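Working notes, beginning with the structure itself.
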Amino acid sequence: MASFWLVSRASRRFLKAKPSLSLSRTLFAVSTYQPTTATTTTSKNSNPNAYPNGTQLGPFTQRHRWTPSCVEFDLRLVAHISSSSSSTGAEKDGNQGSNDVKVEVEASWIDLYLPRQARPYAKLARLDRPIGTWLLAWPCMWSITLAASPGHLPDIKMMTLFGCGALLLRGAGCTINDLLDRDIDTMVERTKLRPVASGLLTPFQGICFLGFQLLLGLGILLQLNNYSRVLGASSLLLVFSYPLMKRLTFWPQAYLGLTFNWGALLGWAAVKGSIDPAIVLPLYLSGVCWTLVYDTIYAHQDKEDDLKVGVKSTALRFGDSTKEWITGFGIVCISSLALSGYNAEIGWPYYAFLAAASGQLAWQIWTADLSSRVDCNRKFVSNKWFGAIIFSGILFGKLSS
């Protein structure tokens with residue numbers, strides 16, 4: 001009975017007491033709070049204090065100055081929001097993604113440095129994602145370097161022209177793709193924020209931008225010889241028809257390979273004025289098989305959306321046998337590169353670099369997690385290094401010939 005009387009008296013004294021904590025000290029305590037992980041509350045040896053890193057709102061040596069329950073609730077809310085936003089990026093498994101992740105991924109130098117009116121056009125041309133330009137440019141560089149005289153560097157002017165042409169043609173291809181696929185893109189998670197699909201640009205604005213890119217590309221094409229002009233212009237049929245292939249066949253990646261590696265034919269022709277089938281055709285075949293490897297891995301990012309929308313891809317065609325298929329394409333790719341180098345009578349350094357490129361391609365195939373969008377994209381982007389290794393091999397092989 002005495003203990004009950006003491007507790008009741010202490011309670012009445014607390015209710016009469018007025019908090020004397022200053023506002024500045026409260027804000028300092030909240031701002032210096034550092035939340036711990038969620039496992040703290042579930043661990044067997046967890047600290048009984050739910051916020052061990054937090055600053056006490058008041059010293060317990062002063063009478064009645066403790067943390068009100070409402071402040072503790074606010075701190076829990078702040079901790080939850082902070083930990084949720086900070087851990088989102090680490091939980092990207094490819095199957096689901098939060099808006100925070102999308103904003104972080106989409107932000108680029110375009111948003112920081114370009115005028116607001118130019119940003120949609122730059123994103124339509126994928127200027128913030130240069131991997132496509134690299135994949136389009138490397139077969140051109142391989143071919144130009146193979147066409148160089150033994151012991152000499154490749155034509156720098158020609159490589160510059162083809163580099164600019166790859167940038168423009170890739171942008172034009174993306175513009176055509178987005179114009180034709182604008183209805184499909186709105187239903188695919190990865191593509192629904194593209195400029196045409198999201199409404200930032202109208203189809204008419206996209207067509208005007210396409211004409212501008214093709215006009216600049218024509219200026220580059222006219223600087224080549226007549227044989228190369230005809231050969232280069234003929235590639236536009238592939239460029240314009242590629243976006244339709246995903247509606248017609250499960251092999252759009254093969255058609256993309258025919259399109260993206262046209263530079264293997266054009267680069268040699270621009271230097272020599274004709275093509276040597278014994279050298280450039282194996283080189284072209286190697287590029288097509290290379291594209292089948294990296295774009296099949298890339299297509300696994302969208303396989304769930306593709307099924308819902310009704311478009312086709314090699315990722316859906318191969319299914320669980322994907323790695324066996326792309327291993328076969330990788331073997332043909334490396335074998336064709338070896339044959340092309342042999343017919344070009346290139347020096348031994350080429351084959352050393354080719355062995356290194358084989359290892360890089362094998363690493364992609366064997367370690368790719370086809371159920372993870374993040375890992376598929378990582379492997380896809382790594383192909384710029386495969387192209388660089390092959391280019392280095394051809395360069396040093398030519399210099400040593």
Side-chain angles (χ1 to χ4, degrees), residues 97-136 164-221 232-233 235-249 252-253 255-256 259-260 262 295 298-299 301-302 304-313 373 377 380:
S98 67
N99 292 332
D100 294 340
V101 174
K102 292 175 190 173
V103 172
E104 182 181 352
V105 171
E106 292 296 329
S108 67
W109 62 270
I110 290 177
D111 303 293
L112 297 176
Y113 301 112
L114 289 188
R116 182 175 58 84
Q117 295 82 358
R119 292 173 192 168
Y121 296 99
K123 290 184 177 181
L124 183 59
R126 311 286 199 275
L127 295 183
D128 55 337
R129 298 179 182 179
I131 180 59
T133 302
W134 282 115
L135 297 177
L136 186 61
C164 295
L167 179 66
L168 291 170
L169 188 61
R170 191 268 178 133
C174 291
T175 303
I176 295 169
N177 184 79
D178 286 10
L179 287 171
L180 295 178
D181 286 352
R182 60 184 183 274
D183 295 332
I184 294 177
D185 286 345
T186 58
M187 297 182 283
V188 177
E189 188 69 26
R190 184 178 58 84
T191 61
K192 65 182 181 181
L193 294 180
R194 286 177 175 174
V196 177
S198 63
L200 288 176
L201 294 177
T202 65
F204 178 75
Q205 290 173 315
I207 293 173
C208 292
F209 183 56
L210 172 62
F212 173 71
Q213 293 174 96
L214 293 177
L215 184 62
L216 293 179
L218 178 63
I220 293 177
L221 189 63
S235 68
L236 291 179
L237 177 63
L238 295 171
V239 173
F240 276 88
S241 57
Y242 162 68
L244 303 175
M245 292 300 108
K246 67 186 72 173
R247 298 170 173 84
L248 303 176
T249 177
Q253 281 69 30
Y255 202 83
L256 179 67
T259 307
F260 250 52
W262 198 257
D295 207 53
Y298 185 79
Q301 296 180 96
D302 300 328
E304 290 85 3
D305 291 323
D306 289 346
L307 282 172
K308 292 187 294 184
V309 175
V311 298
K312 302 175 176 67
S313 70
R373 291 184 178 181
N377 187 69
F380 170 74

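The structure displayed is predicted, hence computed values, not measured ones.
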How far apart are the closest heavy atoms of Gln301 and Asn377, and which atoms are they? OE1-CB, 3.4 Å
Give the intermediate values and the outcome of side-chain contact (heavy atoms from CB on, under 4.5 Å) for residues Ser313 and Gln253. CA-CA 7 Å; Ser313 70; Gln253 281 69 30; 4.0 Å; yes
Rounding to 0.5 Å, atoms CG (Leu169) and CH2 (Trp262) come to a distance of 12.0 Å
CG (Leu179) and CZ (Phe204) are apart, to the nearest 0.5 Å, by 12.0 Å
Set of residues satisfying salt bridge (Lys or Arg N to Asp or Glu O under 4.0 Å) with respect to Arg182, sequence neighbours excluded: none
Show every salt bridge (Lys or Arg N to Asp or Glu O under 4.0 Å) that has at least one partner inside residues 201-214, sequence neighbours left out. none
Using the salt bridge (Lys or Arg N to Asp or Glu O under 4.0 Å) criterion, which residues pair with Asp302? Sequence neighbours excluded. Arg190
Heavy-atom check, side chain of Phe240 versus side chain of Leu210, under 4.5 Å: yes
State which residues pass salt bridge (Lys or Arg N to Asp or Glu O under 4.0 Å) with Asp295; sequence neighbours excluded, sorted by chain then number. none
Please find the pair of heavy atoms, one from Thr191 and one from Ala197, that lie closest to each other, and give the distance. O-CB, 4.1 Å
Should Asn177 and Lys246 be marked as a side-chain contact (heavy atoms from CB on, under 4.5 Å) after you check the CA-CA gap, both sets of side-chain angles, and the distance that decides it? CA-CA 11 Å; Asn177 184 79; Lys246 67 186 72 173; 3.6 Å; yes
CG-OG1 distance between Leu237 and Thr259, expressed to the nearest 0.5 angstrom: 9.0 Å
Under the side-chain contact (heavy atoms from CB on, under 4.5 Å) rule, what do Leu238 and Met245 come out as? Steps first, then yes or no, please. CA-CA 10 Å; Leu238 295 171; Met245 292 300 108; over 6 Å; no
Do Arg126 and Arg170 touch side chain to side chain, with heavy atoms closer than 4.5 Å? yes
So do the side chains of Val311 and Met187 get within less than 4.5 Å of each other, counting heavy atoms only? no
Decide yes or no for Val196 and Leu124: does some side-chain heavy atom of the first lie under 4.5 Å from some side-chain heavy atom of the second? yes
If I compare all heavy atoms of Pro120 with all of Leu200, which pair ends up nearest, and what's the gap? CB-CB, 4.4 Å
Test salt bridge (charged side-chain N to carboxylate O under 4.0 Å, His left out) on Asp181 and Arg194; report intermediate values, then the result. CA-CA 11 Å; Asp181 286 352; Arg194 286 177 175 174; over 6 Å; no
Between Asp183 and Arg247 (salt bridge meaning N to carboxylate O under 4.0 Å), is one present in this structure? no
Taking atom CG of Leu180 and atom OG1 of Thr175, what is their separation to the nearest 0.5 Å? 11.0 Å
So CD1 of Ile184 and CG of Asp305: to nearest 0.5 Å the spacing works out to 11.5 Å
Write down the atom of Val239, the atom of Gly173, and the distance for their closest heavy-atom approach. CG1-CA, 4.1 Å
Ser241 meets the side chain to side chain contact (heavy atoms under 4.5 Å, CB included) criterion, sequence neighbours left out, with Tyr255
For Leu127, all residues meeting side chain to side chain contact (heavy atoms under 4.5 Å, CB included), sequence neighbours excluded: Trp109, Ile110, Ala122, Ala125, Leu167
From CG (Leu168) to CG (Leu218), nearest 0.5 Å: 11.0 Å
